[in-house]
2 protein chains.
Amino acid sequence: MDGNVETATEDTACCVPVGAVDTGALAADVELLSAMGNDTRYELLRRIDGAGGEVCVCDLESAVGVSQSAVSQALSRLYTAGLVTRRKDGNWRYYGLTDEAERLLATLDAVRGDRQ
Amino acid sequence: MDGNVETATEDTACCVPVGAVDTGALAADVELLSAMGNDTRYELLRRIDGAGGEVCVCDLESAVGVSQSAVSQALSRLYTAGLVTRRKDGNWRYYGLTDEAERLLATLDAVRGDRQ
DNA sequence: CATCCATATTAACTATCTCTTATATTGTCT
DNA sequence: AGACAATATAAGAGATAGTTAATATGGATG
């Protein structure tokens, strides 16, 4: 009934035991973070963010310095991770940020502002 | 004078040009995100977070399922990325979260709550 | 329907990551 | 000083990820 939760091991000698962690949430978060933690994909996110709304692939291609195939694969991974939306309109595909992505980017901006 | 800022390429036919992006900030963010986006390292962050304060390496070792060496390397990378603090006390090293890490984890919790 | 254009997919190669084992460092205690 | 305990570092093997070139798909248009 208690699902994916482990209890910490017994405390040995030096310090306090560490708390339990929900392994399902861990995996989901890592998926998200590793999708964002790559030059090409993160730049795509920032480009879409900077455009203020949806952007078509053709413009993203010219913005980042990799092949069309690489851009397409990067966008696919971002989509799978739930970071971008995808809309087809005629020949073009438009990508936008999800709320999740917007909030994470906003936090990164805020955190960077403090630390820098 | 205008540093690490690129201007977007000219708009071709289909849509609006994408905005400029600060490449220095991009690299720093990717460093941060890729440091977090790994099972071992993210679990360490969450374990430290769950413990509420500083945790010594010995307890972290027993919590995640990799070797002592792997834990040490993971913590080093987190430290370099500015995600954890490090304090030496006798034989032990205590690791804690930085404000930056705490805020990012909090955002991830909030975002997951919404989407799930 | 033939063709073109925008994007996606596949396959193959290379580079990068992450782990493990072995060894070094640093502090403590007798 | 010598032994031991906790952590860090080095080196190398195996797994994983990112890129490109080539090909496929699907909508638009003459």
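Reckoned from all heavy atoms, side chains included, excluding hydrogens, waters and symmetry mates. Chain identifiers are assigned alphabetically (A, B, ...) following the order of the sequence lines, protein sequences preceding nucleic acid strands; residue numbering begins at 1 within each chain. Source: prediction; values computed, not measured.
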Has the side chain of A:R86 got a donor or acceptor atom that lies under 3.5 Å from a matching backbone atom of A:S76? no
Using atom CH2 of B:W92 as one end and atom P of D:dA5 as the other, report the distance to the nearest whole Å. 11 Å
Among C:dG27, D:dA11, C:dT9, the nucleotide that comes nearest once only the side chain of B:Q73 is considered: D:dA11
Atom OH of B:Y94 and atom P of D:dT7: how far apart are they, to the nearest Å? 8 Å
Is the shortest side-chain N/O distance from B:S67 to OP1 or OP2 of C:dT20 below 4.0 Å? yes
Judged by nearest nucleotide, the residue sitting upstream toward the 5' end of DNA chain D, A:G90 or A:G37, is A:G37
Show, in sequence, the C-alpha distance, side-chain angles and deciding distance for A:V84 and A:L44, and conclude whether the side chain to side chain contact (heavy atoms under 4.5 Å, CB included) test is met. CA-CA 10 Å; A:V84 297; A:L44 286 172; over 6 Å; no
Can you find an N or O donor on one side and an acceptor on the other, under 3.5 Å apart, linking the side chain of B:Q68 with the base of D:dA6? no
C:dG27 C1' sits how many Å from B:R87 CZ, rounded? 15 Å
Rounded at 0.5 Å granularity, tell me how far CD in B:Q68 sits from CG in B:L60. 12.0 Å
Between A:T40 and D:dG18, is there a side-chain N or O to OP1/OP2 distance below 4.0 Å? no
Atom CG of A:L104 and atom CG of B:L33: how far apart are they, to the nearest 0.5 Å? 8.5 Å
Starting from P on C:dA6, measure out to CG on A:D59 and report it in whole angstrom. 11 Å
Does the side chain of A:R93 get closer than 4.0 angstrom to OP1 or OP2 of C:dA8 through an N or O atom? yes
What integer distance in Å separates B:E43:CD from C:dT18:P? 15 Å
Minimum-distance nucleotide (side-chain atoms of B:V57 versus D:dA8, D:dT20, C:dT7): D:dA8
Starting from P on C:dC19, measure out to CG on B:N38 and report it in whole angstrom. 6 Å
Of B:S76 and A:S34, whose nearest nucleotide on DNA chain D comes first from the 5' end? B:S76
Respond yes when some side-chain nitrogen or oxygen of B:N91 is under 4.0 Å from OP1 or OP2 of C:dT26, and no when none is. no
Between CG of A:D89 and P of D:dG26 the distance, given in whole Å, is 18 Å
Check whether any side-chain nitrogen or oxygen of B:R41 sits under 4.0 Å from OP1 or OP2 of C:dT18, and answer yes or no. yes
Taking atom types as they are modelled, is there a donor-acceptor pair under 3.5 Å from the base of D:dT19 to the side chain of A:S69? no
So how far is it from B:D29 CG to A:D39 CG, rounded to the nearest 0.5 Å? 11.0 Å
Would you kindly check whether a donor in the side chain of A:S72 faces an acceptor in the base of C:dA6, or vice versa, at under 3.5 angstrom? no
Does A:Y42 make a side-chain N or O approach to OP1 or OP2 of D:dG18 shorter than 4.0 Å? no
Between CG of B:L75 and C1' of D:dT9 the distance, given in whole Å, is 14 Å
Does a side-chain N or O from B:R86 land closer than 4.0 Å to OP1 or OP2 of D:dT7, or not? no
For C:dA8 and A:Y79 - does any side-chain N or O of the residue sit under 4.0 Å from the phosphate oxygens OP1/OP2? no
Which pair of heavy atoms, one from A:S34 and one from A:R41, lies closest together, and at what distance? O-NH2, 3.1 Å
